[in-house]
**Q** 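Sharing a structure below in structure tokens format, with a few things to ask.
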2 protein chains.
Amino acid sequence: MTFQKRANKILELLEEFGEVEIRQLAAEIDVSEVTVRRDLTTMAANGLLYRTHGGAMKVSELIKPVSFVNKAAVNLKAKDAICKRAAADIMDGDIIFIDCGSTAFRLCQFIKNKKIKVITNSLPVVNELQGSPVAINLIGGEVDITRQAVHGNIAQEHIARYHASKAFLGVDGITGEGLYAGSEHEVSNTLAMASQSDCVYMLCDASKIGKTSYLKFNDLSLVNILVTDYNGPEITEFESKGISVFPVTV
Amino acid sequence: MTFQKRANKILELLEEFGEVEIRQLAAEIDVSEVTVRRDLTTMAANGLLYRTHGGAMKVSELIKPVSFVNKAAVNLKAKDAICKRAAADIMDGDIIFIDCGSTAFRLCQFIKNKKIKVITNSLPVVNELQGSPVAINLIGGEVDITRQAVHGNIAQEHIARYHASKAFLGVDGITGEGLYAGSEHEVSNTLAMASQSDCVYMLCDASKIGKTSYLKFNDLSLVNILVTDYNGPEITEFESKGISVFPVTV
DNA sequence: TTGATTATGATTATTTTTGATCGAATTAAA
DNA sequence: TTTAATTCGATCAAAAATAATCATAATCAA
């Protein structure tokens, strides 16, 4: 059993359990604990895992507290894939709007190294981009603590003062009929950002496609690009209405 | 059970409840209270949570920069005494400005139960007032991450849209000659808030009295009320210039 | 094959982690 | 205010895990 084989096995187990113990690995791979310890040390040095006392953890298990807030969020992998694709279109020098909401929030992790300006009404976005070279403009207005965002008339006026090359927005639901939201507060900001942008990206995981909510606030003409992991009959309908669909796989 | 696992567990519980007790954690994780205490100390040192007597609190997500937390710790008792006195003047129904800065920030703890509206450019203030009945209006504009506050022209314009009964401001220094600041950004917000308020409260611990800084931005006429723990010859000078001085003892 | 290099396992010394205890500090109560 | 009850920090000891050392086994090149 070579080191490479053991390393693969360890990564497999790590993937399955998220964490492993030396004892467990030694028994599973049938080598001494000393060897396992050596393997883990090497692998940790290569960034393949996180070494703990008595074992190792998957790197991704070590989440920062901020990410914790959104851990409860559903469809995380889909959202991350969507945001990764969307972020690929963001170039240095861009000025972009980022909507509040859990999907758009995931965009932050992919733009931390970019030299761009972000205009947002989302407090978590501001927080997440701390320490990055990203310049932040925070929309002012009434603070909605439950949504961790700013909204209201002043906020809309504030947005109207700016212009961005791209807007990254989320909605509660999207069908061939149009866009749906769960609250009027969200709508006003979404519309304001869209109207001030050259190109509107809508970030929607599969659960949003074909879903309606209590408020239909606009037809599909608002959207230029739809980034989604969904792959069903509605897609062609969206495209026939002039939306470019960027598919991603989870 | 490794430290990493416990840390994750603690953060989860913190996320759920906002605050936790040592006893509760020890029982939940099944380790001794000493160990929990050690974990909390370590995590607090890393800025993952706030250590309290007997437990920990969720770290305010917007107060991550260590500099601010540290600065806030200087002259804490004096600042708290000053803010407690100032808060006594705040009545239900008031609309108030709260400046950014470590002194004015301490005001938050004394107004959490009041039914008022707070207009501020300070991110820590927004965070601190979460979950309270206080309505918050956040000044919009460019985010200065190091100061944890919003500045710029848009911010000034935003402030100009509002009017408050009282403004609670801080400065870097105050002498018989006037008011001093360490940065022009702070000045513009301070002046804007002062001009839109019926009554300007200046919150200054003793270290600020008689101190000058590189920028004298206004004379004393800006100030209506000075709340301070300082008790020296300058006080009569301030009073002779029309300022009401509210003394506090530490 | 031989000699050199590397990988592995056993042993021992060191470090880390944990829990217990006790005086000091903090908070709450009288 | 003074007093009582917690909680904290420091110190110590026991247990576990690690790193270091060494010897043995496997691998490889000439």
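A, B, ... follow the sequence lines: proteins, then strands. Residue 1 opens every chain. Note that this is a predicted model, so its numbers are computed, not measured.
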**Q** Generate the contact string for nucleotides 14-30 of chain C. Rules: B means base contact, S means sugar-phosphate contact only, - means no protein heavy atom under 4.0 Å.
**A** --SSBBB-----SS---

**Q** If only side-chain N and O atoms of A/Arg51 are considered, is one of them under 4.0 Å from the OP1 or OP2 phosphate oxygen of D/dT18?
**A**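 Answer is yes, contact under 4.0 Å.
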
**Q** Taking the side chain from B/Asp99 and the backbone from B/Ala104, do they hold a donor-acceptor pair closer than 3.5 Å?
**A**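 Looks like no, no N/O pair under 3.5 Å.
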
**Q** What pairs of residues pass the ring-ring contact (aromatic ring centres under 6.0 Å, His included) test when at least one of them lies in residues 12-32 of chain B, not counting sequence neighbours?
**A**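 For residues 12-32 of chain B: none.
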
**Q** Could you state the CD-C1' distance from B/Glu21 to D/dA5, rounded to the nearest angstrom?
**A**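 Value for this atom pair: 15 Å.
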
**Q** B/Gln24 has an atom CD; how far is it from atom P of D/dT7, in whole Å?
**A**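 Distance, rounded to whole Å: 13 Å.
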
**Q** Quick one: side-chain contact (heavy atoms from CB on, under 4.5 Å) partners of B/Val20, sequence neighbours excluded?
**A**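 Expected list: B/Leu13, B/Leu14, B/Gln24, B/Leu25, B/Ala56.
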
**Q** Using a 3.5 Å distance criterion without hydrogens, assess whether the side chain of B/Thr120 forms a donor-acceptor pair with backbone atoms of B/Ile98.
**A**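 Yes, because the side chain of B/Thr120 sits within donor-acceptor range (under 3.5 Å) of the backbone of B/Ile98.
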
**Q** Can you pull out how bent the helix from C/dT1-D/dA30 to C/dA30-D/dT1 is, comparing the axes over its first five and last five pairs, to 10°?
**A**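 The value is 40°.
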
**Q** Name all pairs fulfilling the ring-ring contact (aromatic ring centres under 6.0 Å, His included) condition that reach into residues 168-196 of chain B, sequence neighbours left out, sorted by first residue then second.
**A**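 Every ring-ring contact (aromatic ring centres under 6.0 Å, His included) pair that includes a residue of residues 168-196 of chain B, provided the two are not neighbours, is B/His151-B/His185, B/Phe168-B/Tyr201.
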
**Q** Distance check: side-chain N/O of A/Arg23 vs OP1/OP2 of D/dA16, anything under 4.0 Å?
**A**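 Indeed not, no polar side-chain atom of A/Arg23 lies that close.
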
**Q** In whole Å, I'd like the distance from the CD atom of A/Gln4 to the C1' atom of C/dA7.
**A**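 In whole Å, C/dA7 C1' and A/Gln4 CD are 14 Å from each other.
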
**Q** Taking A/Lys114 for the side chain and A/Ala87 for the main chain, is one N or O donor matched with an acceptor at less than 3.5 Å?
**A**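 A pair under 3.5 Å: yes.
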
**Q** Under the ring-ring contact (aromatic ring centres under 6.0 Å, His included) test, which residues partner B/Tyr162, sequence neighbours left out?
**A**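 By the ring-ring contact (aromatic ring centres under 6.0 Å, His included) rule, B/Tyr162 matches B/His158.
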
**Q** Of all the heavy-atom pairs spanning B/Ile174 and B/Cys204, show the shortest one and how long it is.
**A**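 In terms of heavy atoms, the two residues are closest at CG2-SG, 4.0 Å.
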
